[in-house]
2 protein chains.
Amino acid sequence: MSRVLSGNGYAAAAVRERVLAAVRRIGYVPDANARTLRNRSSRSIGVLISDLRDPFYADLAAGVEQELRTAGYHMVLVNDNGQAHEEMRAVTEFLAMRVPGVILTPVSARAVKTLHQQGIRVVQADRRVSRRYGDAVLGANEAGAEMVTRHLLDLGHRRIGLVIDETRWTSGAGRLAGYHAAHQAAGVPADERLIARNAGFDPEAAGKATGRLLDEHPDLTAVFAANNVLAQGALQEIQRRGVAVPRQLSLAAYDDVPWMSMVRPSITTVSQHSVELGRRSARVLLDRLAEGDPDRGTTVLNLEPELVVRSSTAPPTRNPR
Amino acid sequence: MSRVLSGNGYAAAAVRERVLAAVRRIGYVPDANARTLRNRSSRSIGVLISDLRDPFYADLAAGVEQELRTAGYHMVLVNDNGQAHEEMRAVTEFLAMRVPGVILTPVSARAVKTLHQQGIRVVQADRRVSRRYGDAVLGANEAGAEMVTRHLLDLGHRRIGLVIDETRWTSGAGRLAGYHAAHQAAGVPADERLIARNAGFDPEAAGKATGRLLDEHPDLTAVFAANNVLAQGALQEIQRRGVAVPRQLSLAAYDDVPWMSMVRPSITTVSQHSVELGRRSARVLLDRLAEGDPDRGTTVLNLEPELVVRSSTAPPTRNPR
DNA sequence: ATTCCGTATGGGATCGTTACCACAAGCTAG
DNA sequence: CTAGCTTGTGGTAACGATCCCATACGGAAT
């Protein structure tokens, strides 16, 4: 009987033994769907990310999975490729599955709102599109970008290019703000023309954008690529042109992914501790689920990033490119 | 009513319209658990891999997810970290969820057998531990390893070190066999002492193993690292020692991951087309689910790998290390 | 006008689990 | 000795969707 297995209710020791033996013998495993139907609560958590092939998201998902597994939950993982309609599709699936919670790197506020309104706990990870609904676990993007920009300014750079894909999400907006803040603090005017916005979402596009920036501004002495994909494109373009790093040009990145410590020179970057970001997101969600209380404020965590200084940044030299 | 939504059964156009309108208005989404319970078939597929942070597995999972999503299924992803007990835990979860199928990079034959005996379709991806149960989608490891070893032999190398972690799974065994086969075909005796077995599952251990190999065999002119993690460790150790690649030592790898084309020199390797491996695994599973027939033989796919020749391999030179 | 057929619709029964209730048995206290 | 309580056990309803069957209704044919 159910009482033996769940531990609730009474069951004589003898009966309990007999039941357990039978269970083991025939390999009986209770039906999770029936359980969910009856209990109105599932052990599945929806996880929605942009791109599993990007090590940043893969690490995030790995952190989430680890924490969930430890707590006896499991992860239903969906890739939305940054597309709002795929995101909504997944949201509908999660609703159908009656998951108690969802962790997502959100694309549209509508997705977050829909989930919240159906009573599902939501954690926005890495970026935040909805201030009204759901908790959030974010990297401190402004602080991180300010750190790395200050590092470049401290080295003596005055003309620092910024390669960035989008600035509407909190992640991009924060990094842009940090870039500006560091300039302001150092009393160096930030030149808007040195900012390559909408640099694209793949290395090729980022490479082209970087190339354009280098062509139009021969006085650039450093480039800051605002994520790992952009950094990959930037580095490839820089290598293609035979520009010496860091002698002719310093390069700094955001997100610490394996190749950055493999290449020579190794790349100075900001580590977001992406696995930890995932773990904390799961933790926040699990805590939410543990408290029965429906609406007790909003949790927003900002994880401090870490500046990892390597060999791709150095004081500027007078050598023209 | 259910008839309107599922499309089965009759429903007057007027009634259908009214029902659909109400559905949209209140945001009703049918309960997947109730459906699974009643229909005895779920749209969840269990996916069990070793390490999401390893780009090979991440790509595999991404391929699986893409294909499943397209077919209207979703992926419950579990990391087993190569541990048999975690694998069995996940198997039990999948049984509880009544998933119709599981795709896994298997660790123990018991996991595969248990699933199969409970009537769950199984696809073994990347490696095969059970010949009796379940389909398999594999890389042609022997062919791939033979290709890259032949490439080194053709360049003139006669003393080629092999760094490999395990040789019990089909993946490792196949690569070892390919290494031998290429030697045999070229009439070059393979020296067993040049094979560093059990080189470990992280870059540090692989680096140490590579170091030992280099120390004990100063006549080595090439090293073949049998997967991407081993290659990372090997490269780091080689760089640490200041050994010039490919002038003093050629390096070849297995699995094409991003850093291999980023580093200088870029690394010659064998691409397994890991995303495609995942896609095909899902395809095989979906086909299996489509045919009602329970036991119609066993599908085993061997995907042809591709030798990607880059700059880390060159003819040996006389320069001693 | 009555029968018959085809189409449309409502009403269970069912899937596996669990929460709850009724009841039985044993025990203590008045 | 019996009333009232504790402790253990079996039975049953309910979760939500779906399948099947019974039934009702309209129209056509005899």
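Each chain gets a letter, A, B and so on, in the order the sequences are listed, and its residues count up from 1.
Distance CG (B:Asn33) to C1' (C:dT18): 15 Å, rounded to an integer number of Å. In this structure, the CE atom of A:Met97 is 17 Å from the P atom of D:dG16, given to the nearest Å. For the pair B:Leu95 CG and C:dT17 P, the computed distance is 13 Å after rounding to whole Å. We find that CG of A:Asn39 is positioned 12 Å from P of D:dG16, with the value rounded to whole Å. Counting to the nearest Å, the C1' atom of D:dA17 and the CZ atom of B:Arg43 are 15 Å from each other. Rounded to whole Å, the distance from CG on A:Asp31 to C1' on C:dT14 is 14 Å. As rounded to whole Å, 13 Å separates atom C1' of D:dT18 from atom CG of A:Leu37. One atom, CZ of B:Arg40, and another, P of C:dC15, lie 7 Å apart when rounded to the nearest Å.
Side-chain proximity of A:Arg38 to the nucleotides D:dG16, D:dT18, D:dA13 is greatest for D:dA13.
Direction change of the helix axis from one end of the helix from C:dA1-D:dT30 to C:dG30-D:dC1 to the other is 70°, with five pairs defining each end axis (rounded to 10°).
Between A:Arg35 and A:Asp31 no salt bridge is recorded (no basic side-chain N to carboxylate O distance below 4.0 Å).
When B:Arg43, B:Arg279, B:Met75 are each tested for a side chain to side chain contact (heavy atoms under 4.5 Å, CB included) with B:Leu68, only one passes: B:Met75.
Looking only at side-chain heavy atoms (C-beta outward), B:Thr114 and B:Leu95 come within less than 4.5 Å of each other.
When atom types are taken as modelled, the side chain of B:Gln118 and the backbone of B:Ile120 share no donor-acceptor pair closer than 3.5 angstrom.
Partners of B:Arg40 by side-chain contact (heavy atoms from CB on, under 4.5 Å), not counting sequence neighbours: none found. Partners of A:Arg127 under the side-chain contact (heavy atoms from CB on, under 4.5 Å) rule, at least two apart in sequence or in another chain, are A:Ser50, A:Tyr57, A:Thr105, A:Pro106, A:Val107, A:Trp169, A:Thr170, A:Ser171.
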